[in-house]
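Sequence lines set the chain letters: A, B, ... in the order given, protein chains first and strands last, and positions in each chain run from 1.
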Amino acid sequence: MKRTHRCGELRASDAGSTITLMGWVNRRRDHGNLIFIDLRDRSGITQIVFDAERNPAMHARVESVRNEYVLAVTGKVEPRSENTRNPKMDTGDIEVIAGELKLLNESKVPPFFPGDANVNVNEEVRLKYRYLDLRRPEMHANIEMRHRVTLAVRNYLASQGFYEIETPIMTRSTPEGARDYLVPSRVHPGEFYALPQSPQIFKQLLMIGGMDRYFQIARCFRDEDLRADRQPEFTQIDLELTFPTEETIHGVVEGFLDAAFSAAGHTIERPFPQMPYDDAIRLYGIDKPDLRLPAMTDVKGAFSADALETLAIDASLPVVVIRTPKVGELSRKERDEHKTLLNEKQAKVVKFLDDFKRLEKSWPEAVAKVRELSGAEEGDLLVMVAAPKKSEASAEDTGDAAAERRKQRDAFAVYSNAGQLRLALAQRYAARHKAFEGKAYKFLWVTDFPSFEWDEQKETWTFAHHPFTSLHEDHMELLSEGVKALHDPNSALGAIRARAYDVVLNGTELGSGSIRIHQQEIQAKIFEALGMDEAEQKLRFGFFLEALQYGTPPHGGIALGLDRIVMILAGAPSLREVIPFPKTAAATDLMMDAPTPVTDAQLKELSIGVKK
RNA sequence: GGGGUCGUAGUUCAGUUGGUUAGAACGCCGCCCUGUCACGGCGGAGGCCGCGAGUUCGAGUCUCGUCGACCCCGCCA
């Protein structure tokens, strides 16, 4: 027997033909001498009719068939009569009258049925029996979407002159950044490879190697704690090209995203808007703004100095208003619950006022101005966020550059906390404003990221991106100045901006890239800036610093999270829904039961002893 | 590393103030049924209440520990 059609393909026009289907028993309805079996494969479902009168010999065998058995059925396609048609099924106008049945395989009773309309099963069970879970139409749809998106990206990038090039999975450990997954070397006792956190250095070397345009659907590995949108191994659409400007790279990314979203049935608007990091912080309090809801508004000007004093607001720091649309009237209880939106730590930095009716009694003009500035409409919730006035006198404003930067850091804290509050309110009232429903895809480029960030624990400045990111040329002076104050949180390093850009979709960071440093002196200076002396540079990146000296072309690139893109397109709540064999939040595989201990013999061969 | 939610039949859940034999639905098994498509009818089986201590005359229920799943913070250049 040879399969002639898939189970979702047959239509009224096929009536009369004799066909063969192969697939799983989705459901069986046994009426005694008449048995219906819905046969399922990845394309859909077809009803097969077994009639004892027409084929008595076969009927005894059909009676023993159960859900998830694998069958081959040859039969005649017949149109269904008016009263037996099923408009809910794609194949509901026809049915197949079985003539021949072959039982290809039986099935144990599964812990859940892939054919159930809404599988309401614990995710633990789904992951343990992932191969059954994958039979569900929803999973098929997600995996098919992933395939189509990947294919569209490949085709687009190939059309733009990119070569798809593989880079090593076993590579060298780089202690910066995320923790590495390590692979012990048998040949070199005590030495380890690392799995790549990204193919960063390889793709830069490919540019030095004159490959001109590279891409890879690249698996990356990071040994960090997980979230719904983070897996220990994940896939990036990674690319790099020579002689770029930011515009070149943005154009390529918008091009393949357009292709990918088209493949998933959506059109997106291009070009994407752009916003410098500093504006993103000021307007959204976050470096990945969700543009589906309004920005925050600076309303300090609406209030007199006296009013701010009375409200116990620090007038030297930002005063912003968060507008959440269409929230409507709030009960006393709902308003009280707003207090829980700030944790203790946040409450030290910001306070908020959400009762504008009360504010209006004392300062009607100011409130009118706030409504105007924020574009508030009837029913919108306004919440004003500001820094509480400190009781003790704060440090004297000495008016120098360091004092100015300290103030900027304080302002950042206000914006950032207000931004978190904005998202918390948006989540809380999502059912009312409905901005998160439907298929609104709001892309954004966030540009000019800080090159360095302050590490509170180590009390020093570190790379915000990776150390191969170019600075804006006119910030090189700040670098020389800032290096002198490496352990000062108000160092000039904080003012340096990078030629780095993130692509953001609906508040999710899809990808991150930059124009790279292609001059060895500058690269060395950056390493030096963060306290890496020449010996250490040579040890860790010697080969790379040397490569940079052999005619390295200007180059740049970006990497986008494929899993996240597909997750958003599928409307899925976690990456696990778009990865066929995902890991749990504790980085285990419940189906394979990995990781596992290994034998002493294996460890011995690798010269590894395990502390118990 | 920290916080939260959860863990009872194959599955999803209920389980009173600590008190008799731990229930329901779906699924499963048997019998019946020729137009169902979440088929239907009758009957039946199925439990280490995650695991381990403790409190108690008595623990699914209370306490402590532990394991596992999920979410969040830290972390993720």
Side-chain angles (χ1 to χ4, degrees), chain A residues 26-40 45-54 59 63-64 66-68 78 80-89 91-92 95 97 108-113 115-129 132 174-180 197-198 200-201 220-232 234 343-346 420 423-424 427 449-453 455-457 461-469 498 500 509 512 514 526-527 530 559 561 573-574 576 582-588 590 593:
Chain A
N26 194 60
R27 204 178 282 282
R28 161 188 91 96
R29 291 174 294 280
D30 186 345
H31 292 229
N33 286 325
L34 184 70
I35 295 175
F36 299 98
I37 281 180
D38 292 338
L39 204 64
R40 181 194 73 234
I45 290 170
T46 297
Q47 173 167 284
I48 318 286
V49 183
F50 295 86
D51 190 332
E53 254 174 44
R54 296 201 218 189
H59 213 73
E63 277 172 347
S64 67
R66 293 293 180 269
N67 286 352
E68 298 309 310
E78 285 194 357
R80 296 206 204 174
S81 66
E82 190 63 47
N83 58 328
T84 62
R85 232 171 253 160
N86 186 346
K88 283 184 280 185
M89 292 173 71
T91 59
E95 60 195 3
I97 309 302
K108 284 176 67 177
V109 176
F112 60 93
F113 288 109
D116 277 357
N118 36 9
V119 165
N120 183 19
V121 187
N122 200 299
E123 197 172 0
E124 216 169 330
V125 179
R126 288 179 55 203
L127 289 176
K128 184 170 177 193
Y129 296 92
L132 296 177
T174 51
E176 309 73 21
R179 280 182 212 99
D180 286 321
Q197 296 177 24
S198 82
Q200 185 61 35
I201 289 189
C220 305
F221 307 84
R222 294 180 190 173
D223 185 6
E224 294 294 340
D225 289 342
L226 307 175
R227 292 283 190 284
D229 62 352
R230 277 193 234 155
Q231 281 275 309
F234 59 99
N343 64 31
E344 252 177 74
K345 207 171 145 195
Q346 293 171 316
Q420 287 171 44
L423 289 179
Q427 279 303 328
F449 274 79
S451 293
F452 303 100
E453 62 189 15
D455 185 329
E456 290 280 355
Q457 283 162 4
W461 288 86
T462 61
F463 307 109
H465 199 55
H466 54 62
F468 315 111
T469 305
E509 180 200 315
S512 191
S514 65
I526 295 278
F527 284 141
L530 298 188
S574 96
R576 295 184 298 277
K583 297 202 170 42
T584 67
T588 62
L590 293 181
D593 186 26

Answer yes when A/D225 and A/R230 have at least one side-chain N-carboxylate O distance shorter than 4.0 Å, and no when they do not.
no
Got a donor-acceptor pair under 3.5 Å from the side chain of A/R230 to the base of B/C75?
yes
Indicate whether OP1 or OP2 belonging to B/C29 is found under 4.0 Å from a side-chain N or O atom of A/R66.
yes
Below 4.0 Å: OP1/OP2 of B/A69 and any side-chain N or O of A/T588:
yes
Look at the side-chain N and O atoms of A/R29 and state whether any lies under 4.0 Å from the OP1 or OP2 oxygen of B/U36.
no
To the nearest 0.5 Å, what is the distance between CZ (A/F50) and CZ (A/F36)?
11.5 Å
Could you give the CD-to-P distance, from A/E63 to B/G30, as a whole number of Å?
11 Å
With rounding to the nearest 0.5 Å, note down the distance linking CD1 in A/I35 to CD1 in A/I48.
13.0 Å
Can you say whether a donor on the side chain of A/D30 sits under 3.5 Å from an acceptor on the base of B/C33, or the other way round?
yes
Closest-nucleotide ordering on RNA chain B, the 5'-leading residue of A/Q197 and A/M89
A/M89
Applying the 3.5 Å cut-off to both distances, the Watson-Crick or G-U partner of B/U12 turns out to be B/A24
Assign A/T584 to base, sugar-phosphate, or nothing according to its heavy-atom contacts below 4.0 angstrom with the strands shown.
sugar-phosphate
Would you kindly give the NE2-to-C1' distance between A/H31 and B/A38, to the nearest whole Å?
12 Å
Taking a pair to mean Watson-Crick or G-U wobble geometry with both distances below 3.5 Å, B/C70 pairs with B/G4
Checking only heavy atoms, does the side chain of A/R227 share a donor-acceptor pair with the base of B/G74 at less than 3.5 Å?
yes
Roughly, in whole Å, what's the span from CG in A/N86 to P in B/C37?
9 Å
Base, sugar-phosphate alone, or nothing: which one does A/Q47 contact when heavy atoms must sit under 4.0 Å apart?
base
On a whole-Å scale, what distance lies between the P atoms belonging to B/C32 and B/A38?
26 Å
Mapping A/D116 and A/R80 to their closest nucleotides on RNA chain B, which lands nearer the 5' end?
A/D116
Does one side chain, of A/E53 or A/N33, offer a donor that lies under 3.5 Å from an acceptor on the other?
no
Once you apply a heavy-atom cut-off of 4.0 Å, does A/F113 come out as touching a base, just sugar-phosphate, or nothing?
sugar-phosphate
On a whole-Å scale, what distance lies between the P atoms belonging to B/U5 and B/C62?
13 Å
Below 3.5 Å, does any donor atom in the side chain of A/D225 face an acceptor in the base of B/C75, or the other way round?
no
Nucleotide B/U36, atom C1' - distance to CD of A/E95 in whole Å
10 Å
Given B/A69, B/C76, B/G35, the nucleotide with the shortest approach to the side chain of A/E224:
B/C76
If you compare every side-chain N and O of A/R27 against the phosphate oxygens of B/C26 (OP1, OP2), does one of them come in below 4.0 Å?
no
Atom CD of A/Q427 and atom P of B/C72 are separated, to the nearest Å, by 11 Å
Cationic N near anionic O, under 4.0 Å, A/R85 to A/E95:
no
Starting from P on B/A38, measure out to CG on A/D38 and report it in whole angstrom.
9 Å
Can you check the A/Q420 CD to B/C73 P distance for me, whole Å?
9 Å
So what does A/P111 touch, heavy atoms closer than 4.0 Å: a base, only the sugar-phosphate, or nothing?
sugar-phosphate
Going from CZ on A/R28 to CZ on A/R66, what distance comes out if it is rounded to the nearest 0.5 angstrom?
4.0 Å
Respond yes when some side-chain nitrogen or oxygen of A/K108 is under 4.0 Å from OP1 or OP2 of B/G10, and no when none is.
no
Under 4.0 Å between any heavy atoms, over every strand shown, what does A/F112 touch: base, sugar-phosphate, or nothing? Just pick one.
nothing
Starting the side chain at C-beta, find the nucleotide from B/A38, B/C71, B/C28 nearest to A/N67.
B/C28
Base, sugar-phosphate or nothing for A/A464? Non-hydrogen atoms, less than 4.0 Å.
sugar-phosphate
Search all heavy atoms of A/A178 against all heavy atoms of A/Q197 and return the closest pair with its distance.
O-NE2, 2.7 Å
Ignoring the backbone of A/A585, work out which of B/C76, B/C28, B/C70 is nearest its side chain.
B/C70
Selected nucleotide, minimal atom distance to A/K88 side chain, candidates B/A38, B/G27, B/U11:
B/A38
Selection from B/G35, B/C37, B/U34 that lies nearest to any side-chain heavy atom of A/R54
B/G35
When rounded to the nearest Å, what value does the distance between C1' atoms of B/G74 and B/U8 take?
35 Å
Rounding to the closest angstrom, what is the interatomic distance between B/A45 and B/A25 at atom P?
15 Å
Length of the CD-C1' vector between A/E53 and B/C33, whole Å
14 Å
